[in-house]
Amino acid sequence: MLDLAWIRENPDAVREGAEKKGIPFDVDELLRLDEERRQLIRVQEQAKAEQNALGKQVATLSGDSKQQALGRLKQLKAKVQEHTEGLRPLKERIEELMLACPNPPADEVPVGPDESANKLLREVGEKPTYDFEPKDHVALMTGLGMLDIERAGKLAGSRSYVLKGDGVFLEQAILRMAMDLIHERGYTLTSVPVIVKEWALRGTAYFPGAEVQTYRIANPTAEDEDSWLVGTSEVSVTALHSGEILDEAELPIKYAGLSPCFRREAGTYGKDTRGIYRVHQFNKVEQVIVDVGDVEKSRANHEEILDNAETMMQKLELPYRVVICSTGDMGRGARCKYDIEAWMPGRDAYGETHSATRFHEYQARRLNLRYRDSDGKVRFCHTLNNTVIASTRAMIALLEVHQQAGGSVRIPEALKPYMGGRETLSV
RNA sequence: GGAGAGGUGGCCGAGUGGUCGAAGGCGCGCGCUUGGAAAGCGCGUACUCGGGAGACCGGGUCGCAGGUUCGAAUCCUGUCCUCUCCGCCA
């Protein structure tokens with residue numbers, strides 16, 4: 001969410017930002033309603049002020065003058081009520097528009113309609129070559145007794161999987177390695193709720209918009225208090241301090257969240273159907289930074305969380321590239337987004353493994369997440385997040401890249417300690 | 001699952017339907033005091049919206065949403081959350 005006062009002063013910046021992102025947004029409607037609203041508020045508050053002043057006198061009056069005052073108060077009450085009712089639809093629509101209003105992209109973001117306009121920043125590592133016919137992760141994992149997709153389908157439907165044996169150890173090893181790395185870099189590990197209230201999803205800017213992608217858990221006693229399964233611990237971790245006024249000395253807050261992630265993957269029928277690339281449930285270590293409202297600091301933090309993820313990839317000896325997402329591929333809330341894509345031989349293509357986003361105040365305003373600066377002024381925080389490692393996609397890249405003739409897989413040096421010192425995965 | 005208690009400022013904690021944005025305390029800030037500090041004393045310490053260049057003026061906020069009333073922190077309803085006891089149980 002943006003600052004309405006800022007929008008009033010910079011309608012063109014908002015308009016241009018929405019256009020660049022390809023998100024239809026009517027700034028003029030918002031400004032018109034805002035003007036109307038403020039007009040009404042003025043009138044309403046006048047009546048309210050008279051009501052309050054006269055109301056205070058009522059207690060001291062008696063007889064005729066009291067009756068007279070009460071009569072006038074009834075009138076005022078009706079008037080205030082009328083204005084309040086006139087205000088309600090205005091406020092609702094303004095709120096709706098404010099939640100939908102996209103964050104204008106940063107200057108360095110390439111303008112384009114979709115991911116085809118993403119700009120390559122760098123490629124790191126060598127794509128592997130094989131003197132044998134390489135297998136994809138499904139063949140590898142099945143061969144190694146690590147995966148059962150068929151029975152998972154019976155049990156839970158499509159886009160489900162069962163990890164077995166070394167598959168479980170490998171997943172845990174990768175996650176643990178990520179936890180150790182991010183902990184060494186000064187982040188506080190958290191294990192957070194994955195079942196959350198709707199406001200947390202609205203606050204992190206997933207809602208409105210991602211409702212169909214999100215699993216809903218009904219609350220039979222209160223329909224508007226349903227809970228939802230998060231698609232990433234970013235939601236829970238970022239919302240953790242919502243409503244608080246933090247001390248500037250506490251910032252930056254650096255968290256890492258370990259959690260399962262749930263995604264309905266509605267509207268992706270027929271897309272990425274093979275294997276465990278696109279699934280309803282996986283595990284992830286996510287990094288979140290909450291810091292002061294300073295653009296340069298946000299930029300530095302963005303580089304930091306990107307570097308954390310790149311280090312993880314390098315330790316796993318995975319070739320990858322970093323792209324800066326174009327305006328059409330970054331979503332409504334982001335100011336700027338970098339993706340890391342790992343080379344996946346089974347796809348003969350890069351596949352997204354990390355998404356590093358900086359939001360400036362966009363999430364913080366929705367979450368009412370603030371801090372008191374050194375001048376004692378209350379300001380909104382800046383938030384950022386990035387994956388450290390996501391279990392399934394990391395395993396795909398790792399197994400496919402490090403496979404050897406015969407279907408065994410070499411375990412990269414840095415991961416060995418987490419796999420009991422083993423050199424390879426083999427039958 | 002059953003029974004009960006409670007949600008008030010950064011924290012603790014008062015609060016009779018009407019000068020309550022809220023006593024008192026802690027904490028914090030400034031000042032006095034002191035050789036310096038502690039103690040003591042004095043003063044100041046929520047957020048937000050609208051108007052205004054500003055001093056300031058006005059509205060709102062006592063978990064949240066409604067309701068009663070001229071007027072609600074206070075009464076009523078719903079809901080969320082916390083705590084206690086009983087039951088059940090990984």
Side-chain angles (χ1 to χ4, degrees), chain A residues 1-9 30-95 97-98 191-203 216-228 236 239-251 253 260 290 293 361 364-381:
Chain A
M1 194 152 65
L2 302 173
D3 180 6
L4 186 49
W6 184 84
I7 296 176
R8 279 201 284 266
E9 282 157 29
L30 177 61
L31 293 179
R32 199 173 59 243
L33 293 174
D34 174 50
E35 184 55 44
E36 228 180 292
R37 176 182 132 264
R38 284 186 297 159
Q39 191 70 29
L40 250 171
I41 282 180
R42 231 169 302 163
V43 186
Q44 186 217 32
E45 286 186 352
Q46 246 167 15
K48 200 89 212 218
E50 194 188 335
Q51 192 185 17
N52 285 343
L54 192 57
K56 278 180 185 171
Q57 288 174 33
V58 163
T60 66
L61 298 175
S62 60
D64 277 356
S65 50
K66 182 164 188 169
Q67 289 313 309
Q68 209 170 11
L70 285 176
R72 173 68 183 149
L73 280 167
K74 277 219 172 184
Q75 281 177 12
L76 285 169
K77 188 194 181 185
K79 202 165 157 189
V80 168
Q81 211 155 33
E82 190 186 311
H83 291 135
T84 305
E85 256 144 53
L87 224 39
R88 200 196 309 268
L90 278 176
K91 281 187 169 166
E92 275 171 14
R93 181 62 185 150
I94 287 169
E95 174 75 6
L97 286 168
M98 287 299 288
S191 172
V192 289
V194 293
I195 303 171
V196 300
K197 300 290 180 196
E198 188 177 323
W199 64 260
L201 286 147
R202 221 176 313 115
R216 185 177 198 162
I217 299 173
N219 178 348
T221 53
E223 250 180 72
D224 57 346
E225 286 284 356
D226 282 350
S227 294
W228 301 75
S236 316
L240 214 53
H241 293 282
S242 79
E244 296 183 26
I245 299 175
L246 302 164
D247 207 341
E248 181 164 3
E250 301 174 65
L251 300 174
I253 291 174
V290 177
E361 302 177 355
R365 279 186 180 277
R366 291 166 168 250
L367 290 166
N368 201 20
L369 170 54
R370 297 174 295 176
Y371 70 101
R372 198 181 297 278
D373 72 12
S374 43
D375 296 331
K377 205 168 166 250
V378 176
R379 306 181 58 189
F380 285 100
C381 297

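The sequence lines fix the lettering, A, B, ..., with proteins before strands; numbering per chain opens at 1.
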P spacing across the pair B:G21 / B:U74, given as an integer number of angstrom: 13 Å

Straight-line distance of A:Lys91 NZ to A:Arg37 CZ, nearest 0.5 Å: 7.0 Å

Pairwise P distance for B:C26 and B:A39, with rounding to whole Å: 11 Å

Nearest-Å distance for atom pair CD1/C1', residues A:Ile245 and B:C28: 15 Å

Within 6.0 angstrom of A:Glu244 CD, more than 12 heavy atoms from elsewhere: yes

Between P of B:A46 and CG of A:Asn368, the distance in whole Å: 17 Å

Could you list all N or O pairs between the protein and nucleotides 53-63 of chain B that sit under 3.5 Å apart?
| unit_1 | atom_1 | unit_2 | atom_2 | d |
| --- | --- | --- | --- | --- |
| B:G58 | N2 | A:Glu45 | OE1 | 3.2 |
| B:G58 | N2 | A:Glu45 | OE2 | 3.3 |
| B:G59 | OP1 | A:Asn52 | ND2 | 3.0 |
| B:G60 | OP1 | A:Lys48 | NZ | 3.4 |
| B:G60 | OP2 | A:Asn52 | ND2 | 3.4 |

Partner nucleotide, any strand, of B:C89 [Watson-Crick/G-U, under 3.5 Å]: none

Counter-base of B:C75, judged by Watson-Crick or G-U geometry with both distances under 3.5 Å: B:G67

Pairwise distance CG(A:Leu30) to CD1(A:Ile7) - rounded to 0.5 angstrom: 5.5 Å

Sugar-phosphate, base or nothing in reach of A:Arg379, heavy atoms under 4.0 Å: nothing

Rounded distance [0.5 Å steps], CG in A:Leu70 versus CD in A:Gln75: 12.0 Å

Closest to side chain of A:Lys197, choosing from B:G50, B:C80, B:G66: B:C80

Distance, rounded to the nearest Å, where A:Ile94 contributes CD1 and B:G50 contributes P: 10 Å

Beyond-backbone contact of A:Gln39 with A:Leu90, side-chain heavy atoms, under 4.5 angstrom: no

Within 6.0 Å of CD in A:Glu248, more than 12 heavy atoms from elsewhere: yes

B:C81 pairs with, by Watson-Crick or G-U criteria that keep both distances under 3.5 Å: B:G6

Atom pair CZ/CH2 of A:Arg202 and A:Trp228 - distance to nearest 0.5 Å: 10.5 Å

B:U84 and B:C28, which share atom name C1', separated by this distance in whole Å: 35 Å

P spacing across the pair B:U82 / B:G31, given as an integer number of angstrom: 44 Å

Rounded distance in Å between the P positions of B:C75 and B:A90: 43 Å

Integer-rounded Å distance: B:C49 C1' and A:Asp34 CG: 12 Å

Nearest-angstrom distance from the residue atom CZ of A:Arg372 to C1' of B:G10: 8 Å

Protein-nucleotide distance (A:Lys79, atom NZ; B:C70, atom P), rounded to Å: 18 Å

Between B:C41 and B:C47 - C1' atom distance, rounded Å: 31 Å

Opposite nucleotide pairing with B:A37, Watson-Crick or G-U, both atom distances under 3.5 Å: none

Integer-rounded Å distance: B:G52 C1' and A:Arg38 CZ: 13 Å

Complementary nucleotide for B:G29 - Watson-Crick or wobble, under 3.5 Å: B:C43

Side-chain touch A:Glu36/A:Leu33, heavy atoms, less than 4.5 angstrom: yes

Nearest-Å distance once atom P is located in both B:A5 and B:G44: 41 Å

Nucleotide opposite B:G24 in a Watson-Crick or G-U pair, distances under 3.5 Å: B:C12

Length of the CZ-P vector between A:Phe380 and B:C47, whole Å: 13 Å

Contact nearer the 5' end of RNA chain B, comparing A:Arg88 with A:Leu70: A:Arg88

Touch class at under 4.0 angstrom, heavy-atom based, for A:Arg72 against every strand present: nothing

Same-atom distance (P) from B:G42 to B:G24, integer angstrom: 12 Å

Side chain to side chain, A:Leu87 and A:His83, heavy atoms closer than 4.5 Å: no

For B:A55, the Watson-Crick or wobble partner whose two distances fall under 3.5 Å: none

